[in-house]
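Remarks on the structure that follows.
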Amino acid sequence: MSAPALASANVSCLIDDSYLRFELEAIAGRTGPITQVQVGQIQIKPAAAVKLASPQITFDRTHIIQQWDLDDDMRLQIEIGDDAAKENVNLVIFARLDTKTEKYSGRYILKITRAGATKELKGRIKQCEAG
């Protein structure tokens, strides 16, 4: 009896609008979660009108707190906290696969908490792919 073959998929996602630049390049199991993040960056832009200790945030797999791909829907939640600066960035992506182009499109919600005050920003996903 042979061992089962294991396959992986590349996950690529980009958001670039007036509030946010988000870039994710990762590897996921073909039917499982993201296992490795090669590029994970969130940049909060000045139009968001939120001053953070660092507007450029790098994240890894440990910051992905929720993820799934089911029936052509993809959800991804990334949360990065900085206890010293009393800041928290929470990004949720809601995407749906266009089976003709094999690309995901959708929206995001970005919640930024700083010193107890929370600001919520919303926008569109530029492009996400998995395959």
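Just so we're clear, the structure is a prediction, and the values are computed from it rather than from any experiment.
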How long is the span from the [atom1] atom in [X] to the [atom2] atom in [Y], to the nearest 0.5 Å?
X: L24; Y: Q38; atom1: CG; atom2: CD; answer: 9.0 Å
X: K119; Y: K111; atom1: NZ; atom2: NZ; answer: 14.5 Å
X: K86; Y: T113; atom1: NZ; atom2: OG1; answer: 13.5 Å
X: L110; Y: K122; atom1: CG; atom2: NZ; answer: 12.0 Å
X: L97; Y: D71; atom1: CG; atom2: CG; answer: 11.0 Å

Treat each ILVMFWY residue as a node, draw an edge where side-chain heavy atoms are under 4.5 Å apart, and state whether [X] and [Y] are in one component.
X: V92; Y: L121; value: no
X: L76; Y: V89; value: yes
X: I125; Y: M74; value: no

- Has R61 got more than 12 heavy atoms of other residues, nucleotides or ligands less than 6.0 Å from its CZ? no
- Qualifying ring-ring contact (aromatic ring centres under 6.0 Å, His included) pairs with a residue from residues 68-119, counting only residues at least two apart or across chains: none
- Message: Suppose the criterion is ring-ring contact (aromatic ring centres under 6.0 Å, His included): which pairs have a residue in residues 39-63, not counting sequence neighbours?
- Response: F22-F59
For [X] and [Y], which heavy atoms make the closest approach, and how far apart are they?
X: T99; Y: E102; answer: O-OE2, 3.1 Å
X: N90; Y: N88; answer: N-OD1, 3.9 Å
X: K100; Y: D98; answer: N-OD1, 2.9 Å

Which pairs would a plain distance check flag for residues 42-52, meaning a side-chain donor or acceptor within less than 3.5 Å of a matching protein atom at least two apart in sequence or in another chain?
{"from": "K45", "atom 1": "NZ", "to": "D16", "atom 2": "OD1", "distance (Å)": "2.5"}
{"from": "K45", "atom 1": "NZ", "to": "D17", "atom 2": "O", "distance (Å)": "2.8"}

- Among E23, E25, Q127, K103, whose side chain to side chain donor-acceptor pair (under 3.5 Å) with S12 holds? E25
- Any side-chain heavy atom of I112 within less than 4.5 Å of one from E87? no
- Item | Non-hydrogen side-chain atoms of Q41 and Q56 separated by less than 4.5 Å | yes
- Determine yes or no for a side-chain-to-main-chain donor-acceptor pair under 3.5 angstrom, with R75 supplying the side chain and A95 the backbone. yes
